[in-house]
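Structure first, commentary second.
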Amino acid sequence: MTFSQFCITPVPNGQISGSGSDTVGQFNLVGVVGPDAVTANFEKRYVGKHTVFYFGKIIQSTIIEGTWSMTNNPANSQNNRFRIAPVSRC
C-alpha cells in the first residue's frame, strides 16, 4: 500500500484522512480519532469499487494498529490485522 497522503490528528475527535493506491486500486481514507484520543476508526474507499473498514488504536503516537473488515462490524474483523504509520500528523 502506498500513500500519497495520510494524515492523523491524534487528539480527541481528531480527523484521519488520506489517499493512495495498492493492488486493488486508488483509494481515499476518511475517519476519526475517538474521544479517548486512542481509538482510530476509518474507511478505505476504493474509487468506483468497495469500502474496507478499519478499527484500530493509536500506539506510539503515530502508529495505528487493529483489525479490518469488508463490513462495518468489528466482530467480523478479528482475523484481519493491520499496522499503519501515517505519513504525517495534520
Side-chain angles (χ1 to χ4, degrees):
M1 181 177 347
T2 303
F3 297 106
S4 53
Q5 178 189 19
F6 186 1
C7 297
I8 182 170
T9 306
V11 298
N13 304 310
Q15 298 296 307
I16 298 171
S17 63
S19 60
S21 63
D22 59 20
T23 57
V24 176
Q26 297 286 322
F27 59 81
N28 294 303
L29 299 174
V30 62
V32 295
V33 175
D36 59 3
V38 174
T39 304
N41 297 326
F42 60 97
E43 299 174 5
K44 184 196 293 185
R45 299 176 180 166
Y46 286 100
V47 177
K49 298 181 181 177
H50 61 280
T51 298
V52 180
F53 300 89
Y54 290 80
F55 313 98
K57 294 193 180 293
I58 299 171
I59 60 169
Q60 301 173 2
S61 78
T62 59
I63 297 171
I64 304 172
E65 63 179 26
T67 58
W68 62 269
S69 176
M70 297 298 286
T71 64
N72 193 7
N73 183 347
N76 295 335
S77 67
Q78 296 177 3
N79 295 324
N80 305 317
R81 310 279 315 156
F82 77 91
R83 182 179 173 105
I84 298 174
V87 173
S88 64
R89 294 170 70 149
C90 301

Enter the distance from [X]:[atom1] to [Y]:[atom2] here, rounded to the nearest 0.5 Å.
| X | Y | atom1 | atom2 | answer |
| --- | --- | --- | --- | --- |
| Asn72 | Glu43 | CG | CD | 6.5 Å |
| Thr39 | Asn13 | OG1 | CG | 10.5 Å |
| Phe42 | Phe55 | CZ | CZ | 10.0 Å |
| Tyr54 | Ile84 | OH | CD1 | 5.5 Å |
| Lys49 | Gln26 | NZ | CD | 9.5 Å |
| Ile64 | Lys57 | CD1 | NZ | 12.0 Å |

Where is the tightest heavy-atom contact between [X] and [Y], given as atom of each residue plus distance?
| X | Y | result |
| --- | --- | --- |
| Val11 | Ala37 | C-CB, 3.9 Å |
| Ala40 | Ile58 | CB-CG1, 4.0 Å |
| Trp68 | Val52 | CE3-CG1, 3.7 Å |

Do His50 and Val24 have side chains that get closer than 4.5 Å, going by heavy atoms?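 Answer yes - side chains close enough.
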
Shared hydrophobic cluster for Leu29 and Val33 (ILVMFWY, side-chain gaps under 4.5 Å): yes

Given Met70 and Asn80, is the side-chain contact (heavy atoms from CB on, under 4.5 Å) satisfied, shown in steps? CA-CA 10 Å; Met70 297 298 286; Asn80 305 317; over 6 Å; no

Under a plain distance cut-off of 3.5 Å, with no hydrogens placed, do Tyr46 and Asn28 share a side-chain donor-acceptor pair? no

